[in-house]
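Scroll down for the structure; my scribbles are underneath it.
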Protein chains: 2
Amino acid sequence: MKESATEGLKERFWNLAPDGESDALRELLELMPPQDAAEAFEELGPGQQTRLLTKLTSDDFEEMLPHLPAPLVEVILQHYPQSDQAEALEEMWDDELADFLQDVPEEDRDRYINLLDEDTKETAEELLRYPEEAAGGRMTKAYAAIRADMTLDEAIAALAEQKEETEILSRIYVLDDQQRIVGKVRLRDLTFNAHAQKISEVMQPELVVVHADADQEEAANMMLKYDMMTLPVVDSDNRLLGVITHDDAMEILQEESTEDLEKQSGIAGPQEETDYLETPVLSHLRRRVVWVLGLALLAIISGYVIISFENVINEHFMLALYMPMVVAAGGNTGAQAATTVIRSMSLGEFTPREFLHAVWKELRIGLLIGISLGLCVALITPVVVALIGIDADPSLTTFQLALIAAGALTAQVATSTVLGAALPILAKSLKQDPAVVASPAITTVVDATGLLIYFGLAMWILGH
Amino acid sequence: MKESATEGLKERFWNLAPDGESDALRELLELMPPQDAAEAFEELGPGQQTRLLTKLTSDDFEEMLPHLPAPLVEVILQHYPQSDQAEALEEMWDDELADFLQDVPEEDRDRYINLLDEDTKETAEELLRYPEEAAGGRMTKAYAAIRADMTLDEAIAALAEQKEETEILSRIYVLDDQQRIVGKVRLRDLTFNAHAQKISEVMQPELVVVHADADQEEAANMMLKYDMMTLPVVDSDNRLLGVITHDDAMEILQEESTEDLEKQSGIAGPQEETDYLETPVLSHLRRRVVWVLGLALLAIISGYVIISFENVINEHFMLALYMPMVVAAGGNTGAQAATTVIRSMSLGEFTPREFLHAVWKELRIGLLIGISLGLCVALITPVVVALIGIDADPSLTTFQLALIAAGALTAQVATSTVLGAALPILAKSLKQDPAVVASPAITTVVDATGLLIYFGLAMWILGH
């Protein structure tokens, strides 16, 4: 398979890197997809990286720069004179350049910006004005634009001039003199139609656009829904500012889903640019320790609940048998509800306004899971008690234990499911990220409520 | 914003649907993006849907069919005569048609296939031979192909014939007489170059291809990494079978990440095609109840651990204060490690061969989190004990409690982190999906080990 062909090229690169001739290295780098060249370079030791820098010119690195983490790009750039640095930065697509500038320390950013020619500088500064996670922060200004009154021939001539500065030429926007979108054509509409036709005769309307301030996730979801290759980004007067391309949309989806997964496991803060194995232990630690500490402190509440039931537990120690189950079942079902609801909201399947509808659905699901679980556990209780072989506890019959477990499981699962659904919706309607109240937080909350339900019910049934 | 423009069209559709004239409805449907038309139709009641079917022809529904769930497509098709059904199915892209045929009951599938013309039938049957989750199951055969010895003019003429049957014309594959890929050109390479040139002079090599049997996630990850608009799917002789398009790659990423999220919350089985609020309670139940039941039964082991420490707990009931914390900290850190490792593996950041490297990293992270947490808890123990205001427990000093908690937390967090990392890697090297041993399963395992560690350490320190 050819995927291993690119792996083979990387192997050749690593073999050649230490002692290879400049020309052989250059030739190999030109064969490699720039993403693979970047990976291969990244995995060299710093000593070998430096030796390679002396053998090659900044030109040889140009294509791989957008695929390297910002600190390594800086290492490469700073090896070469300022004029080469400027040229390498100007060769990047504007959105790649903006990404890089966003990732470097502020003093470096200003220095790089001042190296750029006027046009590139202006574009970079415009893109940097948008937050990194907004649609405007992910767009490129390298789109193709023509006028409605051009003939196809004129349009092709106009595009021939733009094509080197256009990232995706397959979608061409038709703009009026206010820079507003009046339609779109595909390159194939120009290539295969009669060249004397007017653009206005072949163009299609463009109904789907995104505002520059919208969240990048909203933009990516629109592109997913409408199968778009490029999504126009507009200002409040509906003027075209730039486009988001299909490859950026994929990246946004991937970043957002990693973020969702991480939040659901209590991993906080921005993702590292480096791969898992290359990320230092302390960076991993920093993102994980916060939630663990916070939730551990909260768990003292659950401990306090147990201590306050000291009398009933000491007297009927058999109750401890199902305590972890009641707690775990609440955590598991709460997490399921939270995941389902958070995911549906982020796919735009319902809005906080449909709150009651969703909570009512989760209440029914929770009750059904709780009752099923309660029944199962009640039925197997005689078997479990016999297997464990504890001496009959005169103060707590097997029947009473089964009854308490079944009742507590039903109540615990139903409340946990509703809480798991309600808390993220509540967070969203308070304009917070629903995922902050995701699984670990909900699990900790329902630990305490589960213990209250279980021992409270036990006291009531046992007549304390 | 224009996104609300499409919302406005849906509102108009709902207002018009009950009593509107056929022509007005048809005109409105032509204005709407087919995805919105499908959503708007889906949200009508069955009675209104039927009334709409009588007012419109199968032609009016053609564009929205690929965006509707299979059962509703069947309702629409079966309203019209067989010849219209055949035409509607033949109008779909081959991958959309294959998706639909995969989703209908088997007897219907055969009936629909027999309605198709020979070409469409053959393509559909070929695509249906691949598993739904393989690259071959997601590809379209509607790609553009030319020969290397054609001039640009000849290529444009050849493409003019293919263009109606080509989904994405921006990437054109250059094939030899064995159907093997010898290169690729972009449509812009044809449109803007001298038309007497040969294709072989303007084509680029295509290094990145995927095998038809590869997992769809592998294909989507390649397209993400290499920023591809289309990814060639080949057989074992490297012959081009079809391409995966950028919009399908986004869908695959979205499906896979939803699946990952769900597995991490113990939600099992295939995703529903319908939105959250439209999915029946019993379908939600079916996907959630399995893990909840299984894990609940496993939690009996934790209960048994507690019961077997009855003596030490009864004698030093203060120990219960930190029991939930030790358990929860293990679950939280185990889940973090599992999430991080599973995500990195699915992004291809490391292979099971790098097992020891990853586990060693997690051991260091786990020890550091454990020690930090243990220290914090030891330090606040005097405050907590004072706040809770329990009478001094002569059998267990505050210092002993702090020492037991700190030691147990360190050991518990370190083992949970290593287990959280090791179990998914183990699953993967046994060719299982790493996500099956994701958060809920790991949490349940470390519940039991945490209790063993905590009470075991307590017995040792307290000299039982």
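Labels below follow one simple rule: chain letters A, B, ... track the order of the sequence lines, proteins then strands, and each chain is numbered from 1.
Contacts between A/Ile380 and chain B at a heavy-atom distance below 4.5 Å involve the side chain alone, from C-beta outward. Using a 4.5 Å cut-off between heavy atoms, B/Met228 contacts chain A through its backbone alone, with no side-chain atom that close. Proximity to chain B involves both the backbone and the side chain of A/Leu373, based on heavy atoms less than 4.5 angstrom apart. The part of B/Asn221 that comes within reach of chain A is its side chain, from C-beta onward, which places non-hydrogen atoms under 4.5 angstrom from that chain. Residue A/Asn193: no heavy atom, backbone or side chain, is found under 4.5 Å from chain B. The part of B/Leu282 that comes within reach of chain A is its side chain, from C-beta onward, which places non-hydrogen atoms under 4.5 angstrom from that chain. With a 4.5 angstrom heavy-atom cutoff, A/Val341 touches chain B only via side-chain atoms. Using a 4.5 Å cut-off between heavy atoms, A/Thr417 contacts chain B through its side chain alone, with no backbone atom that close. Residue contact with chain A, scored on non-hydrogen atoms closer than 4.5 Å, involves the backbone and the side chain of B/Glu362 alike. The contact between A/Ala337 and chain B is made by backbone and side chain atoms together, counting heavy-atom distances below 4.5 Å. The contact between B/Ile313 and chain A is made entirely by side chain atoms (from C-beta outward), counting heavy-atom distances below 4.5 Å.
Put simply, the side chain of A/Trp291 does not reach to within 4.5 Å of the side chain of B/Asn332, judged on heavy atoms. At least one side-chain heavy atom of B/Gln35 sits less than 4.5 Å from a side-chain heavy atom of A/Asp227. Contact check for B/Asp247 versus A/Tyr226: no side-chain heavy atoms found under the 4.5 Å cut-off. With a 4.5 Å cut-off on side-chain heavy atoms, B/Asp36 and A/Leu207 do not count as touching.
Contact between A/Thr166 and B/Arg188 at its shortest, heavy atoms only, is O-NH2, 2.9 Å. The nearest pair of heavy atoms linking A/Ala249 to B/Met250 is CB-CE, 3.4 Å. In plain terms, the two heavy atoms of B/Ser170 and A/Met229 that are nearest each other are OG-CE, 4.2 Å. Heavy atoms only, all atoms of each residue included: B/Ser344 and A/Tyr276 are closest at OG-CB, 3.1 Å. In this structure, A/Pro324 and B/Ala299 approach most closely via the heavy-atom pair CB-O, 3.9 Å.
Among the candidates B/Pro33, B/Ala328, B/Ala329, B/Ser372, the residue making the largest number of heavy-atom pairs closer than 4.5 Å to chain A is B/Pro33. Heavy-atom pairs under 4.5 Å with chain B peak, among A/Asp248, A/Val413, A/Leu293, A/Thr258, at A/Thr258. Ranked by heavy-atom pairs under 4.5 Å with chain A, the list B/Thr339, B/Leu277, B/Val292 is led by B/Leu277.
For the side chain to side chain contact (heavy atoms under 4.5 Å, CB included) with A/Leu187, the qualifying choice from B/Leu190, B/Thr191, B/Leu169 is B/Thr191, the only one to do so.
The CD atom of A/Glu310 sits 8.5 Å away from atom CG of B/Asn314, with the distance rounded to the nearest 0.5 Å. Taken from CD1 in B/Ile388 to CD1 in A/Ile300, the straight-line distance is 7.0 Å, to the nearest 0.5 Å. Separation of atoms CD1 (A/Ile301) and CG (B/Leu321) is listed at 11.5 Å; rounding is to 0.5 Å.
In terms of modelled atom types and a separation under 3.5 Å, the side chain of B/Arg288 and the main chain of A/Ile369 share no donor-acceptor contact. No donor-acceptor pair under 3.5 Å is formed between the side chain of A/Arg343 and the backbone N or O of B/Leu261.
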